[in-house]
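Structure record follows, encoded as structure tokens.
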Amino acid sequence: MNLLIMGLPGAGKGTQAAKIVEHFNVAHISTGDMFRAAIANQTEMGVLAKSYIDKGELVPDQVTNGIVKERLSQDDIKQTGFLLDGYPRTIEQANALDQTLAELDLALDGVINIEVDPNSLLERLSGRIIHRQTGETFHKVFNPPADYKEEDYYQREDDKPETVKRRLDVNIAQGQPIIEHYRSKGLVHDIQGNQDINDVFSAIEKVLTNLK
Ligand code: AP5
Ligand code: MG
């Protein structure tokens with residue numbers, strides 16, 4: 001299956017992607033995770049990406065389109081399928097993705113659109129914690145780890161309230177035309193994201209089981 005997962009910052013894309021990958025064995029391609037890995041490795045692309053991410057702005061399309069195309073071109077994708085998380089985020093990226101998929105002889109099977117009340121997102125992002133060793137995402141209140149020790153977890157740099165506000169503004173402005181782009185192709189499955197994490201996954205699982 002070749003899938004996209006879309007939704008505002010904090011909607012639960014990464015949380016649900018981890019479950020989808022475990023159940024359906026598709027390759028998880030998160031542009032945010034790729035940028036954060038490049039930042040940690042202090043590559044040239046990482047340094048550039050950081051200058052945008054720290055402000056809550058989008059990394060330029062040319063850079064983002066390039067890394068996605070490179071990943072989709074790798075051999076495993078044709079066997080496993082993929083789940084793109086956080087891409088495309090502009091109409092230019094959606095057009096570039098259409099072109100890349102056509103060149104690689106791949107087609108999208110579905111778009112999971114997690115709908116959430118934007119007012120709930122600041123609380124989700126300010127409470128998000130990530131396990132240093134496994135990279136697994138939790139929430140201090142909504143999804144607390146079993147044996148929480150503060151030193152084992154970190155918070156994302158761009159989860160500071162000022163940056164979150166800018167991320168939400170940018171993504172609200174850019175997101176709607178992209179959903180419409182895929183809705184016109186009949187690919188979009190809307191999922192109610194303001195419910196328990198496991199209930200969100202049950203709804204997604206139902207959709208994907210029907211797609212298979
Ligand atoms: P990216 O890493 O993609 O961030 P984002 O889109 O802002 O989304 P998040 O990862 O913050 O949220 P999520 O939806 O994955 O939520 P999560 O599951 O973690 O991108 C970061 C930056 O990189 C961008 O700002 C941009 O600068 C750059 N970038 C990335 N892609 C780009 C692109 N295509 N083009 C240009 N630039 C790009 O959940 C959040 C919290 O909520 C967690 O604590 C979780 O435990 C909790 N939670 C999840 N679900 C629920 C639930 N149902 N109920 C209660 N709590 C929940
Ligand atoms: Mg994420």
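Small disclaimer: the values here were computed from a predicted structure and weren't measured. Counting convention: from 1, in listed order, for ligands and their atoms alike.
- Taking every heavy atom of Leu8 and a limit of under 4.0 angstrom, the matching atoms of ligand 1 come to 14 (O).
- Electrostatic pairing of Lys160 and Glu157 counts as a salt bridge here, judged by a charged N lying under 4.0 Å from a carboxylate O.
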For Arg124 and Asp159, run salt bridge (charged side-chain N to carboxylate O under 4.0 Å, His left out): C-alpha distance rounded to whole Å, both residues' side-chain angles, the deciding distance at 0.1 Å, then the answer.
CA-CA 9 Å; Arg124 284 201 189 176; Asp159 279 347; over 6 Å; no
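- Proximity to Phe142 (heavy-atom distance under 4.0 Å) selects the following atoms of ligand 1: 55 (C), 56 (N).
- Under a 4.0 Å criterion applied to the non-hydrogen atoms of Arg36, ligand 1 contributes the atoms 2 (O), 21 (C).
- Nearest residue to atom 22 (C) of ligand 1 from Val164, Ile53, Asp85, Asn143 is Ile53 (criterion: closest heavy atom).
- Nearest heavy atom pair, residue Leu8 against residue Leu121, reads CB-CD1, 3.7 Å.
- Checked against a 3.5 angstrom limit, the closest N/O atoms of Gly12 and ligand 1 fall inside it.
- Against a heavy-atom cut-off of under 4.0 Å, Thr137 is close to the following atoms of ligand 1: 19 (O), 43 (C).
- Atom 53 (N) of ligand 1 has its closest protein heavy atom at Gln195 O, 2.8 Å.
- At under 3.5 Å, not a single nitrogen or oxygen of Asp159, backbone or side chain, sits near a nitrogen or oxygen of ligand 1.
- Remark: minimum distance from atom 20 (O) of ligand 1 to any protein heavy atom is reached at Arg89 NH2, 3.4 Å.
- Of the protein's non-hydrogen atoms, Glu57 O, 2.6 Å is the one closest to atom 27 (O) of ligand 1.
- At least one N or O atom of Lys13 sits closer than 3.5 Å to an N or O atom of ligand 1.
- The pair Asp152-Arg132 does not count as a salt bridge, with every side-chain nitrogen at least 4.0 angstrom from each carboxylate oxygen.
- Remark: ligand 1 and Thr31 share an N or O pair separated by less than 3.5 Å (distance only, no angle test).
- Summarising the contacts of atom 21 (C) of ligand 1 with Arg156, Arg167, Lys50, Gln93, the nearest heavy atom is found in Arg156.
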Exercise. Start with the C-alpha distance between Lys69 and Glu103, add both sets of side-chain angles, then the distance that settles salt bridge (charged side-chain N to carboxylate O under 4.0 Å, His left out), and finish with yes or no.
Key: CA-CA 10 Å; Lys69 185 171 183 179; Glu103 278 170 29; 2.9 Å; yes
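- Ile114 places a side-chain heavy atom less than 4.5 Å from the side chain of Ile5.
- The ligand atoms of ligand 1 that sit less than 4.0 angstrom from a heavy atom of Gly14 are 13 (P), 15 (O), 18 (O).
- Proximity to Gly86 (heavy-atom distance under 4.0 Å) selects the following atoms of ligand 1: 31 (N), 32 (C), 33 (C), 34 (N).
- Counting heavy atoms from C-beta on, the side chains of Arg71 and Asp76 come closer than 4.5 Å.
- The shortest heavy-atom distance from Gly10 to ligand 1 is under 4.0 Å.
- The distance criterion of under 3.5 Å between nitrogen or oxygen atoms is not met by Leu58 with respect to ligand 1.
- Ring centroids of His23 and Phe201 are separated by less than 6.0 Å, placing the two rings close together.
- Heavy atoms of Thr64 found under 4.0 angstrom from ligand 1 belong exclusively to the side chain.
- Looking at atom 41 (C) of ligand 1, its nearest protein heavy atom turns out to be Arg124 O, 3.6 Å.
- With hydrogens left out, the protein atom closest to atom 44 (O) of ligand 1 is Phe138 O, 2.8 Å, a heavy atom.
- The closest approach between Gly193 and ligand 1 falls below 4.0 Å for a heavy atom of the residue.
- Within the listing of ligand 1, atoms 11 (O) sit less than 4.0 angstrom from a heavy atom of Leu125.
- Close contacts between ligand 1 and Asp158 involve ligand atoms 21 (C) [criterion: under 4.0 Å to a heavy atom].
- There is no side-chain donor-acceptor pair under 3.5 Å between Asp158 and Thr163.
- Each of Val68, Val59, Asn65 was checked for a side chain to side chain contact (heavy atoms under 4.5 Å, CB included) with Thr31, and the lone residue meeting it is Val68.
- Nearest protein heavy-atom contact of atom 9 (P) of ligand 1 is Arg128 NH1, 3.4 Å.
- Looking only at protein heavy atoms, the nearest one to atom 39 (O) of ligand 1 is Thr15 OG1, 3.7 Å.
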